[in-house]
Amino acid sequence: MTNQPAFPFVAKDKTGTMINMGMDLRDYFAAVALPMAIQEMNEAESYDSNDAAIVAYQYADAMMKARQSND
(Lines give C-alpha, C1' and ligand atoms only; values in the text may rest on other atoms or scores of the structure.)
Protein backbone atom coordinates (compact mmCIF):
# COMPACT_ATOMS: atom_id res chain seq x y z
CA MET A 1 0.00 0.00 0.00
CA THR A 2 1.28 3.45 -0.86
CA ASN A 3 1.10 6.57 1.24
CA GLN A 4 -2.30 7.76 -0.01
CA PRO A 5 -3.75 11.24 0.37
CA ALA A 6 -5.75 11.67 3.56
CA PHE A 7 -8.04 14.43 2.29
CA PRO A 8 -7.98 14.50 -1.52
CA PHE A 9 -10.17 17.02 -3.29
CA VAL A 10 -10.61 18.67 -6.66
CA ALA A 11 -11.09 22.41 -6.86
CA LYS A 12 -11.63 24.72 -9.78
CA ASP A 13 -9.91 28.06 -10.08
CA LYS A 14 -9.82 30.76 -12.76
CA THR A 15 -7.44 28.72 -14.92
CA GLY A 16 -9.49 25.53 -14.94
CA THR A 17 -9.45 22.40 -12.85
CA MET A 18 -6.76 22.08 -10.20
CA ILE A 19 -6.19 18.85 -8.28
CA ASN A 20 -4.89 19.22 -4.75
CA MET A 21 -4.03 15.92 -3.11
CA GLY A 22 -4.12 17.32 0.42
CA MET A 23 -2.26 15.86 3.39
CA ASP A 24 -0.92 12.35 2.97
CA LEU A 25 -2.16 9.54 5.17
CA ARG A 26 1.13 9.00 7.04
CA ASP A 27 1.27 12.68 8.03
CA TYR A 28 -2.38 12.55 9.13
CA PHE A 29 -1.72 9.48 11.30
CA ALA A 30 1.32 11.22 12.83
CA ALA A 31 -0.70 14.35 13.56
CA VAL A 32 -3.37 12.28 15.30
CA ALA A 33 -0.72 10.36 17.29
CA LEU A 34 1.25 13.47 18.31
CA PRO A 35 -0.82 14.32 21.43
CA MET A 36 -0.32 10.77 22.73
CA ALA A 37 3.41 10.97 21.99
CA ILE A 38 3.65 14.29 23.85
CA GLN A 39 1.76 12.78 26.80
CA GLU A 40 4.20 9.86 26.88
CA MET A 41 7.13 12.30 26.91
CA ASN A 42 5.53 14.30 29.74
CA GLU A 43 4.94 11.16 31.78
CA ALA A 44 8.55 10.09 31.25
CA GLU A 45 9.65 13.59 32.30
CA SER A 46 11.96 13.68 29.31
CA TYR A 47 9.97 15.83 26.92
CA ASP A 48 11.71 16.89 23.76
CA SER A 49 9.69 18.08 20.79
CA ASN A 50 11.90 16.19 18.33
CA ASP A 51 11.47 12.98 20.32
CA ALA A 52 7.70 13.47 20.38
CA ALA A 53 7.63 13.94 16.60
CA ILE A 54 9.76 10.82 16.08
CA VAL A 55 7.43 8.78 18.29
CA ALA A 56 4.37 10.16 16.46
CA TYR A 57 5.82 9.00 13.13
CA GLN A 58 6.66 5.62 14.65
CA TYR A 59 2.98 5.27 15.51
CA ALA A 60 2.06 6.45 12.01
CA ASP A 61 4.39 3.89 10.45
CA ALA A 62 2.85 1.16 12.60
CA MET A 63 -0.62 2.20 11.44
CA MET A 64 0.50 2.19 7.80
CA LYS A 65 1.98 -1.31 8.30
CA ALA A 66 -1.25 -2.53 9.93
CA ARG A 67 -3.19 -1.28 6.92
CA GLN A 68 -0.89 -3.26 4.61
CA SER A 69 -1.41 -6.47 6.57
CA ASN A 70 -5.18 -6.07 6.31
CA ASP A 71 -5.16 -5.80 2.49
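If you're wondering where the values come from, they're calculated on a predicted model, not measured in any experiment.
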CD1 (Ile54) and CE (Met41) are apart, to the nearest 0.5 Å, by 8.5 Å

What heavy-atom pair brings Pro35 and Ala31 nearest, and what distance separates the two atoms?
CD-O, 3.4 Å

Taking the side chain as every heavy atom from C-beta outward, state whether Val32 and Met63 have any atom pair closer than 4.5 Å.
no

Heavy-atom closest pair, residues Ala66 and Ser69:
O-OG, 2.9 Å

For residues 27-38, pull every pair meeting side chain to side chain donor-acceptor pair (under 3.5 Å), keeping only residues two or more places apart or in separate chains.
Asp27-Tyr57

Heavy-atom pair with the smallest gap, counting every atom of Ala56 and Ala37
N-CB, 3.9 Å

Roughly how far, to the nearest 0.5 Å, is the CD atom of Gln68 from the NZ atom of Lys65?
8.5 Å

Which residues share a ring pair (Phe, Tyr, Trp, His ring centres under 6.0 Å) with Phe29, sequence neighbours left out
none

